[in-house]
Amino acid sequence: MNNESIANILLTTILPGNFVLAMFLGMCPFLGVSQKLETAFPMGLATAFVIMVASVSAYFMNQLLVHFHLEFLSVITFITVIACTVQLVEMFVKKYFPVLFRQLGIYLPLIATNCAVLGVALFQTARQYNFTQSLAYSIGGGIGFTLALVLMAGLRERLQLANVPTMVQGAAISLILGGILSLSFMGFAGIGGGE
Amino acid sequence: MSTLISNFDEFMDGLWKQNPIFVMMLGMCPTLAVTVSAVNSISMGLATTFVLTASCLLISILRHIIPKEVRIASFIVIIATFVTVVDYSIQAISLELYDALGAYIKLIVANCILLGRAEAHAARMPPVPATLNAFGMGLGFTLGLLAIGGVREIFGAGKLFGIALFGPHFQPWVVMVLPPGGFFVLAGWLILFSGIRANKQRKIEAELALKGAKA
């Protein structure tokens with residue numbers, strides 16, 4: 001059993017152990033949807049919600065699998081649960097926020113293949129977190145993901161006004177920005193006990 | 001003969017022209033997370049290649065049987081099965097490697113390359129070209145990982161494949177093996193490639209201009 005405190009887990013996953021910038025989970029939406037602030041924020045929230053639901057379901061699924069000694073099925077069960085959750089969120093957004101649904105486009109169903117979501121399920125199992133710890137881990141992860149996405153979107157909006165050399169335009173400049181962001185997040189190392 | 005050539009094209013397409021890392025920017029999570037050393041990169045690349053090839057073969061064989069409505073779910077289950085196989089095999093072969101790669105082996109499931117290939121290619125092609133394309137794609141991915149992992153290991157640890165390169169007085173650039181290093185090295189490769197492409201374009205344009213002047 002792992003007995004990290006709740007506050008410790010929350011703080012660690014938001015800042016020094018940020019899912020995107022320190023653990024490289026969920027890079028696709030990080031590079032893909034972070035063009036505009038107004039889509040980045042809802043995308044972050046949607047992903048945070050999926051992460052939380054997936055984490056809770058994965059926790060109970062894992063209890064069930066361990067009980068029946070079926071641990072080798074964990075990857076298959078987790079990914080199926082996640083795919084169903086994403087389907088749910090997609091239907092919900094489509095019904096109540098049709099404009100947002102069109103803006104997010106292909107990236108909404110792609111939350112299913114977002115490493116961050118599966119990553120939370122796998123890491124919380126690997127670290128043997130109990131229920132409240134898992135919940136804290138997933139909430140912190142979701143907030144951290146949203147934070148990274150929003151920061152990146154803000155930077156990229158500013159970038160449109162800047163004069164970028166043609167050679168580094170596109171993906172390269174986004175990666176350099178990501179690197180600098182990641183570097184600055186490393187300054188938080190040590191807060192909350194660190195990794 | 002022509003089928004042989006087109007099959008070879010399928011292979012090269014994945015390996016070079018549509019390289020998943022440098023051209024299509026897919027599968028970024030393992031690309032940046034596990035490439036702290038060349039050995040890790042190669043093992044991750046080969047594991048992904050195996051899953052990609054095996055699942056594309058199976059999906060291609062089953063492409064007329066899987067109903068269209070549930071295809072994504074079926075693809076994911078097939079991919080997850082092979083990932084579990086790889087996960088347990090690596091654990092059996094080398095525990096050290098298993099600890100180094102950690103949960104990222106299981107995260108192959110969520111690698112966009114796999115679902116992307118399954119949906120865009122394997123589900124529409126007969127088994128032979130689908131498998132070859134997947135194999136080329138996997139090798140291209142391995143090559144990309146190695147390019148990043150090699151650079152990060154050389155600068156971050158002063159070694160390549162665990163062999164010291166610079167002698168005892170080398171001061172390692174620790175930042176290279178830390179997360180930001182991954183971003184910077186990948187960005188560096190992308191800038192290099194776009195520089196080469198721009199150079200080639202300029203040469204072609206210069207030649208055309210020369211021809212135009214002669215005519």
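Chain letters run A, B, ... following the sequence lines, proteins first and then strands; every chain starts at 1.
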A:Ala116, A:Ala83, A:Ala22: which one forms the most heavy-atom pairs within less than 4.5 Å of chain B?
-> A:Ala22
A:Met23 versus B:Pro179: any side-chain heavy-atom pair under 4.5 Å?
-> no
Select one option (side chain, backbone, both, neither) describing which atoms of B:Ala33 are under 4.5 Å from chain A's heavy atoms.
-> both
Could you look at A:Ile180 and say if it's the side chain, the backbone, both or neither that has a heavy atom under 4.5 Å from chain B?
-> both
A:Phe123 versus chain B, the contacting section by heavy-atom distance below 4.5 Å | side chain
What part of B:Leu115 lies closer than 4.5 angstrom to a heavy atom of chain A: side chain, backbone, both or neither?
-> side chain
Contact check, side chains of A:Ile176 and B:Ile191, non-hydrogen atoms, under 4.5 Å = yes
Part of A:Ile76 within contact of chain B (heavy atom distance under 4.5 Å) | both
Looking at side-chain heavy atoms only, is the closest gap between A:Phe131 and A:Val56 below 4.5 Å?
-> yes
Test log, rule side-chain contact (heavy atoms from CB on, under 4.5 Å), inputs A:Met27 and A:Val20 | CA-CA 6 Å; A:Met27 289 306 296; A:Val20 181; 4.2 Å; yes
Taking side chain as C-beta onward, heavy atoms only, is B:Phe141 less than 4.5 Å from B:Leu145?
-> yes
So A:Phe19 and A:Val120, side-chain contact (heavy atoms from CB on, under 4.5 Å) or not? Walk me through it.
-> CA-CA 9 Å; A:Phe19 275 12; A:Val120 172; 3.0 Å; yes
Contact part of B:Leu114 toward chain A, heavy-atom cut-off under 4.5 Å: side chain, backbone, both or neither?
-> neither
Find the one option among A:Leu25, A:Val75, A:Leu21 whose heavy-atom pairs under 4.5 Å with chain B are most numerous.
-> A:Val75
Verify the ring-centre separation between A:Phe145 and A:Phe30: is it less than 6.0 angstrom?
-> no
Enumerate the inter-chain donor-acceptor pairs under 3.5 Å for chain B and chain A, one line per pair.
from	atom 1	to	atom 2	distance (Å)
B:Tyr104	OH	A:Met23	O	2.6
B:Ser194	OG	A:Met167	O	2.7

Applied to residues 42-62 of chain B, the ring pair (Phe, Tyr, Trp, His ring centres under 6.0 Å) test, sequence neighbours excluded, yields none
Assess whether side-chain contact (heavy atoms from CB on, under 4.5 Å) is satisfied between B:Met125 and B:Asn133, documenting all intermediate values.
-> CA-CA 10 Å; B:Met125 289 286 195; B:Asn133 180 277; over 6 Å; no
Is there a side-chain contact (heavy atoms from CB on, under 4.5 Å) between B:Ile66 and B:Phe75 once you walk through the steps?
-> CA-CA 9 Å; B:Ile66 298 174; B:Phe75 295 166; 4.0 Å; yes
